[in-house]
Amino acid sequence: MAMSVGPVENEASLSSDLFYDILRRLDGPTLASAACACAAFCSISKEEKLWENVCSSMWPSTNREDVRSLISSIGGFRKFYADCFPLIVNKEVTEYQWNDYLEYPEEWTEAEYYGDVDELESVAPSDFVSIVDIRYKDKTICSKVLWGIPNANEFNGWFYNCPFRIDLLTYASRDDDNEGEVFLSVSDGLPPILSMEKERKDGKLWMELRDGLRLSWIVVNKKIKQAANLASWSPLGGQRHWPTDKDFVIRFGSVLSAKDILPCQVVECILVMKFRVIHTEGEGVQTTLKLTELSLQLEDMEGAHVNGRNSLLILKEALSCCRSNNHSEVLESCHLYSKAQSELKEEKMKIESMLDRLCIVTGIAAFLTFWYYIL
């Protein structure tokens with residue numbers, strides 16, 4: 001009888017080890033799906049080490065000791081992945097009415113426009129941490145971490161009333177273990193370019209860069225223990241050869257809710273990445289690009305920069321907003337915002353055109369009336 005119990009216990013232990021070995025090889029979405037398959041997988045999938053491996057593979061910046069401690073303090077790697085893998089989706093863009101927005105800011109008092117002071121006191125710039133990773137063709141080329149928001153407590157409140165902007169390459173290196181400039185070359189998967197004249201004709205480098213780059217910009221609020229990924233993962237657009245023929249600008253981002261913060265109700269989080277060609281094959285070395293800009297800023301429907309005061313409130317709200325694993329749904333919400341923004345610009349141009357015509361007609365009428373009485 002005793003002989004029969006031993007093999008059963010060993011078999012159970014062996015099965016558990018095998019299950020763990022299987023699950024540790026899975027990526028995040030597959031691991032989450034496997035957890036629903038059976039009770040054994042569900043139990044083992046709660047192991048924090050599994051999710052730490054998933055996060056480490058997805059976001060190499062989470063390998064840092066200080067970031068690991070941060071993630072543990074806000075609920076662990078499993079929660080962190082659940083918060084940051086789904087991307088932000090704003091389904092309220094379609095409810096936006098441009099004609100209501102045109103009445104702003106006359107209907108808003110200064111206190112309403114600049115945000116509630118009591119609410120702002122609960123949001124400190126030092127509570128925010130930016131965890132940023134850039135991939136090119138599944139290879140990580142840059143990982144940076146920024147603690148707090150630069151210059152937020154300087155210049156006697158200057159930050160709160162001026163346009164909000166974070167330039168990661170300028171500030172992250174102060175506290176980043178992975179200091180230094182970021183380069184992309186043929187060894188990373190870039191196509192060899194003999195000359196910029198050839199690139200201007202076929203655009204091969206631009207297409208490879210646009211299709212291969214992926215960006216994750218995770219914002220964590222230490223106080224409320226919440227996190228969210230503000231990036232769209234894949235590019236939303238870009239500009240080739242701007243401002244010079246050797247520059248490439250790629251834009252990522254998301255649409256964030258500004259309900260009860262700004263009259264426009266929604267704003268765009270714009271993440272800009274800029275590369276510059278510093279070598280081509282014709283110069284005797286491999287084609288090489290250098291990352292020259294990586295920044296974050298918020299803009300309203302009219303393209304105006306959101307100030308620091310309101311940006312803090314918007315970022316805080318973004319950490320608890322709606323998200324989706326469906327990337328096409330994420331892109332659709334961004335396209336809806338762009339469409340609404342274009343319609344707003346067209347409507348404003350129509351109104352301005354009507355006002356111009358009215359001014360011209362009024363001027364002509366005044367001129368004719370003047371000469372009528374003179375003659």
Side-chain angles (χ1 to χ4, degrees), residues 87-116 119-120 123 159-166 215 217 219 228-232 234-239 242 249-273 295-324 328-356:
L87 301 178
I88 293 175
V89 173
N90 196 316
K91 298 182 179 180
E92 298 180 356
V93 177
T94 54
E95 302 175 3
Y96 166 78
Q97 297 293 328
W98 70 267
N99 53 341
D100 294 335
Y101 180 69
L102 288 179
E103 298 176 1
Y104 143 82
E106 286 80 7
E107 291 187 351
W108 285 60
T109 65
E110 182 177 357
E112 288 174 324
Y113 178 75
Y114 287 110
D116 183 72
E119 185 179 358
L120 185 63
V123 186
F159 165 82
Y160 292 97
N161 297 314
C162 288
F164 174 82
R165 176 186 167 89
I166 298 177
L215 172 65
W217 189 309
V219 170
N229 197 339
L230 301 181
S232 52
S234 61
L236 297 175
Q239 289 178 281
W242 188 90
V249 179
I250 298 105
R251 184 174 61 86
F252 301 78
S254 55
V255 180
L256 308 181
S257 174
K259 192 174 182 180
D260 299 326
I261 300 174
L262 289 177
C264 56
Q265 305 297 307
V266 288
V267 300
E268 184 178 16
C269 176
I270 301 175
L271 306 172
V272 175
M273 188 187 303
S295 62
L296 180 153
Q297 60 190 31
L298 304 181
E299 291 186 0
D300 65 14
M301 272 284 186
E302 288 189 328
H305 297 286
V306 181
N307 62 29
R309 184 192 302 264
N310 289 329
S311 294
L312 291 181
L313 297 175
I314 292 171
L315 289 178
K316 180 184 177 183
E317 292 300 317
L319 301 182
S320 57
C321 67
C322 180
R323 298 163 219 195
S324 174
S328 60
E329 190 177 5
V330 174
L331 296 179
E332 182 182 0
S333 69
C334 295
H335 293 154
L336 284 174
Y337 181 90
S338 298
K339 182 180 178 181
Q341 192 175 42
S342 298
E343 291 175 354
L344 172 64
K345 291 179 181 179
E346 291 176 3
E347 200 63 40
K348 289 189 65 178
M349 289 178 63
K350 289 180 181 178
I351 294 175
E352 290 174 358
S353 179
M354 290 174 60
L355 291 175
D356 289 342

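With rounding to the nearest 0.5 angstrom, the CE atom of M301 is 11.5 Å from the CG atom of L262. Atom CG of L256 is separated from atom OH of Y337 by 9.5 Å, given to the nearest 0.5 angstrom. To the nearest 0.5 Å, atom OG of residue S338 and atom CD of residue E268 are 5.5 Å apart. In this structure, CG on D300 lies 10.0 Å from CG on N310, to the nearest 0.5 angstrom. A distance of 13.0 Å separates CG in L296 from CZ in F252, rounded to the nearest 0.5 Å. Note: L87 CG to C334 SG = 9.0 Å, rounded to the nearest 0.5 Å.
Considering only heavy atoms from C-beta on, L298 stays 4.5 Å or farther from H305 through its side chain. Side-chain atoms of R251 and I270, non-hydrogen and from C-beta on, do get closer than 4.5 Å to each other. The shortest distance between side-chain heavy atoms of R309 and N161 falls below 4.5 Å. Contact of the S257 side chain with the N90 side chain is registered, since non-hydrogen atoms from C-beta on lie closer than 4.5 Å. Counting heavy atoms from C-beta on, the side chains of L331 and S333 never come closer than 4.5 Å.
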side-chain contact (heavy atoms from CB on, under 4.5 Å) between E329 and R323, intermediate numbers included
CA-CA 10 Å; E329 190 177 5; R323 298 163 219 195; over 6 Å; no

Using the side-chain contact (heavy atoms from CB on, under 4.5 Å) rule, take N229 and I88 through it: C-alpha gap first, then chi angles, then the decisive distance, then the call.
CA-CA 7 Å; N229 197 339; I88 293 175; over 6 Å; no

Walk me through whether I166 and W217 qualify under side-chain contact (heavy atoms from CB on, under 4.5 Å).
CA-CA 12 Å; I166 298 177; W217 189 309; 4.2 Å; yes

Steps toward side-chain contact (heavy atoms from CB on, under 4.5 Å) verdict (I314, V306)
CA-CA 10 Å; I314 292 171; V306 181; 4.1 Å; yes

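Of all non-hydrogen atoms in G253 and L236, the two that sit nearest each other are N-CD1, 3.7 Å. For the pair Y160 and L312, the tightest heavy-atom approach, listed with the atom from each and the gap, is CE2-CD1, 3.9 Å.
Side-chain atoms of S232 do not come within 3.5 Å of backbone N or O of S254 as any donor-acceptor pair. Within the 3.5 Å criterion, the main-chain N or O of F164 finds no donor-acceptor partner in the side chain of S311.
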